[in-house]
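Here the structure comes first, spelled out in structure tokens, and everything after it is commentary.
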Amino acid sequence: MKILDSEKTLINKTYGDHDEMNQTEGELVLLQNVNNLINLGMDLQAIFDKIVNGLRELYGYDSVAIHLLSKDQKHLIIKSYSADSKIATKFEKITKLIVKDYKAPLYKGSILKDIIETRSPVITDDIRWVLNSYTDKKSLKKFTKIISKITNANWGMGVPLLAGDKLMGVIGCGSKNKLTDEDSQRLLFFGYHVGLAIQRAQRFEALEGEVRERCLELASSEEKFYSLIQTVKDAIISINETGMIVLWNQAAGRIFGYSEYEVIGKPIDIIIPDNYQKKHSIDFDQFLKGKMEEDDGKTFELDALKKDGSVFPAELSLSVDITEDGRIFTGILRDITYRRRAMKALEKANIELKRADELKMQFLNITSHELRTPITPMIAQLQMILEGFFGSLVEDQKKSLIMILNNAKRLNRLIGEILDISRLETGEMKFYMKTNCLNDVMSEAIETMKPKAKTNKINLTFSQENTVSCVFDKDRIIQVVINLINNAIKFTDPGGIIEVKLFDENNSANIHVSDNGIGIDDNDLRRIFRPFEQVDSTMTRNHEGVGLGLAICKGIIISHGGKIKVESEVGKGTNFIFTLPYNLEIESGNTKVDLFNNL
């Protein structure tokens, strides 16, 4: 076995000149044999067994053992043990212990602990000390006297097993003959080389294990890949640089009608319709020349040809892989026949829905105008009668006419809401945008609603942090605020509170209209801004309206580039929040809002 110059220097420095150690030819032969076992890739156990048997035979020891340090460095593990077979059998029978892989504890006072801590040889003529060092249990130490008689050995010796500066374990031996410092130095020298050999074998074994694991992983990956491409629902087809099919999964067979053996090695042209053949030839040639690399990974729609001659629409995504055999072009293809049909049906349905929506809005617009035409003079006439233009009225007549007037006004408001919805949908609602003081507008709306709040015994308050000016349609924002306050009054019991707040946040004016009324549950919150939607009918039965006010509010706020939302908890109250951006650049005019689809 060749010893490196660096190893010689270290050995000579520590143990003296090589010649002074009387290294025998047998030692060199044993070291060479160990080295050969490592080169042959033998496992560590075979190498350990070779070492302990060789040392016992070479030096005439009664027993030899190799101990390796455990990972936690709290034990020495006996990896190989050589002794007279009869003695070894008696030992295991008496102690009921298996020598191989036995874990000897490293405790204070043991010979093994001394060797590990000092990294120096220890020789003793007290074999019982050696035997006691293998256990810290009193139940086992009682066998020491018996075992020492069985082995008939008086002397024990242990040397550190080193690989350079790394402590790997201990080589221990027992002998009937006296052991000297010369024995320890010789075994230490040999142990140094054995340590290096073991370290090398461990590395080799670890590398071999890693290679084996990588090979298994590769085989598993290939198996998983094949299994995957066979189970996916999309066709996976690969061709080489000559245009021949090299991969054809089960889904491809199901879609095209060809089995794998029918197409492997055949040109891809067999699944390309005649009208696509020329384009495919040109595109494939461009791929080969590297002029269409940007299409790698993109998805295309094209027509494909089945075995029965039928043509179907398909979606195809392409990828290119570089292999030892050249480039492989892989396509993942999906039959989109049903998707195409669904898209056409959806387009047709959308056209019909759009037409129905237009007819609906035309109907609402025309009906509202026709209804408002007679209502306006009716209201005027009723007001004139009540004011006495046509003579005095008795009390019962006044009550009856007031009821008619109130209902006429209610019908007029309803017609106005329907017209607003229609105008927002068709883009006919006009907005007169200019810079206004939002504080003044809010105050005007709140003053308008205070009488109604007072009548319902509700406290209506307004708080503002600072003066806020921005671009908006004054009348429409008043309409929104009045609508929100009116809703709050409807659903707040007498003695309740409605708070309106105005403040700056995130470069927008923020308006909160909150109450401590009955609240709204989560299911109703999701649909509260939809036209003709009302919160639970049992709750709203005693209140007028058809569910257009909040939809109009949202349409107006969206037309101003703002946002509106609601927060509520049943039994605690509701908070409506809307924002108006300061940087609005919308000019006066019409804005179209899709209320029925977006709210």
Answer whether the closest heavy-atom distance between the side chains of Thr180 and Ile123 falls below 4.5 Å.
no

Supply the atom-to-atom distance Asp303 CG to Leu316 CG, rounded to the nearest 0.5 angstrom.
12.0 Å

Please name the pair of heavy atoms, one in Ile116 and one in Gly169, separated by the smallest distance, quoted to 0.1 Å.
CD1-O, 4.4 Å

Working note: Phe329 + Glu241, criterion side chain to side chain contact (heavy atoms under 4.5 Å, CB included); need CA distance, chi angles, decisive distance, verdict.
CA-CA 8 Å; Phe329 304 89; Glu241 291 184 340; 4.2 Å; yes

When you measure from the centre of the six-membered ring of Phe578, is the NZ or CZ of Lys565 closer than 6.0 Å and no more than 45° off the axis?
no

Are any of the side-chain heavy atoms of Pro267 and Ile245 separated by less than 4.5 Å?
no

Which pair of non-hydrogen atoms, one from Leu179 and one from Met157, has the smallest distance, and what is that distance?
CD1-CB, 3.6 Å

Spacing of Asn53 atom CG and Asn33 atom CG [to the nearest 0.5 Å]
12.0 Å

Please tell me whether Phe48 and Tyr81 form a close aromatic pair, meaning their ring centres lie under 6.0 Å apart.
no

Taking the side chain as every heavy atom from C-beta outward, state whether Leu333 and Ile236 have any atom pair closer than 4.5 Å.
no

Could you tell me whether Asp125 and Lys178 make a salt bridge, using a distance below 4.0 angstrom between a side-chain N and a carboxylate O?
no

Begin from the C-alpha positions of Tyr102 and His67 and carry the test side-chain hydrogen bond (donor to acceptor under 3.5 Å, both in side chains) through to its verdict.
CA-CA 9 Å; Tyr102 174 75; His67 316 68; over 6 Å; no

Could you note down all residue pairs passing salt bridge (charged side-chain N to carboxylate O under 4.0 Å, His left out) where residues 569-578 supplies at least one of them, sequence neighbours left out?
Glu569-Lys572

Closest contact, heavy atoms only, Leu55 versus Ile171
CD1-CG2, 4.1 Å

Of all the heavy-atom pairs spanning Leu30 and Lys50, show the shortest one and how long it is.
CD1-O, 3.8 Å

Whether the side chain of Ser514 engages the backbone of Asn575 through a donor-acceptor N/O pair (distance < 3.5 Å, no angle test) should be reported.
no

Partner residues of Val570 under the side chain to side chain contact (heavy atoms under 4.5 Å, CB included) criterion, sequence neighbours left out:
Asp521

All side chain to side chain contact (heavy atoms under 4.5 Å, CB included) counterparts of Ser120, not counting sequence neighbours:
Thr118

Are Ile511 and Lys501 close enough that some pair of their side-chain heavy atoms sits under 4.5 Å apart?
no

Does any N or O in the side chain of Ser63 come within less than 3.5 Å of the main-chain N or O of Cys173, such that one atom is a donor and the other an acceptor?
no

Salt-bridge criterion met for Arg327 and Asp321 (N-O under 4.0 Å):
no

Between the side chains of Asn36 and Gln32, does any donor sit under 3.5 Å from an acceptor?
yes

For the atom pair CG (Leu247) and CG (Asn240), what is the distance rounded to the nearest 0.5 Å?
11.5 Å

Test side chain to side chain contact (heavy atoms under 4.5 Å, CB included) on Ile564 and Phe529 and set out the steps.
CA-CA 10 Å; Ile564 186 169; Phe529 289 110; 4.0 Å; yes

Assess, by modelled atom type and distance only, whether the side chains of Gln185 and Asp181 contain a donor and an acceptor separated by less than 3.5 Å.
no

Flag yes if more than 12 heavy atoms outside Met343 fall under 6.0 Å of its CE atom; otherwise flag no.
no

Heavy-atom closest contact (Ile237 atom, Ala252 atom, distance)
CG1-CB, 4.1 Å

Here the salt bridge (charged side-chain N to carboxylate O under 4.0 Å, His left out) pairs for residues 102-124, sequence neighbours left out, are Lys113-Glu117

Going by the rule side-chain hydrogen bond (donor to acceptor under 3.5 Å, both in side chains), which residues pair with Asn523 if we only count those two or more places apart in sequence or in a different chain?
Arg526

Side chains of Asp515 and Phe576: closer than 4.5 Å at any heavy-atom pair?
no

Candidate pair Asp49 and Gln45, rule side-chain hydrogen bond (donor to acceptor under 3.5 Å, both in side chains), full reasoning:
CA-CA 6 Å; Asp49 293 343; Gln45 190 57 53; 2.9 Å; yes

Do the ring centers of Tyr59 and Tyr61 come within less than 6.0 Å of each other?
yes

Does a side-chain heavy-atom distance below 4.5 Å link Ile577 with Val566?
no

Partner residues of Asp126 under the side-chain hydrogen bond (donor to acceptor under 3.5 Å, both in side chains) criterion, sequence neighbours left out
none

Taking CD in Glu57 as the centre, count heavy atoms belonging to other residues, nucleotides or ligands within less than 6.0 Å. Is the count above 12?
no

Could you go step by step and tell me if Glu315 and Arg339 meet the salt bridge (Lys or Arg N to Asp or Glu O under 4.0 Å) rule?
CA-CA 10 Å; Glu315 183 180 80; Arg339 187 201 297 176; 2.8 Å; yes

Note: Ile111 and Thr124 closest approach over all heavy atoms is CD1-CG2, 4.0 Å

Does the ring center of Phe503 lie less than 6.0 Å from the ring center of His512?
yes

Can Asn510 and Thr579 be counted as having a side-chain donor-acceptor contact under 3.5 angstrom?
no

Would you indicate whether Lys74, at its atom NZ, is surrounded by more than 12 heavy atoms from other residues, nucleotides or ligands within a distance under 6.0 Å?
no

Side chain to side chain contact (heavy atoms under 4.5 Å, CB included) evaluation trace for Ile328 with Val320:
CA-CA 6 Å; Ile328 297 296; Val320 182; over 6 Å; no

Note, Val159 side chain near Ile115 side chain (heavy atom, < 4.5 Å)
no

What distance do Leu167 atom CG and Leu162 atom CG have between them, rounded to the nearest 0.5 Å?
6.0 Å

Classify the angle between the aromatic ring planes of Phe256 and Trp248 as parallel (below 30°), tilted (30 to 60°) or perpendicular (above 60°).
tilted

Is the shortest heavy-atom distance from the side chain of Tyr134 to the side chain of Leu76 under 4.5 Å?
no

Side chain to side chain contact (heavy atoms under 4.5 Å, CB included), that's the test. Do Glu262 and Lys307 meet it? Break it down for me.
CA-CA 11 Å; Glu262 287 181 289; Lys307 183 178 180 179; 2.8 Å; yes

How long is the span from the CG atom in Asp62 to the OG atom in Ser175, to the nearest 0.5 Å?
5.0 Å

Do Asn506 and Ser508 get their side chains close enough for a donor-acceptor pair, meaning under 3.5 Å?
no

Output the distance between atom OG1 (Thr574) and atom CD1 (Ile518), rounded to the nearest 0.5 Å.
7.5 Å

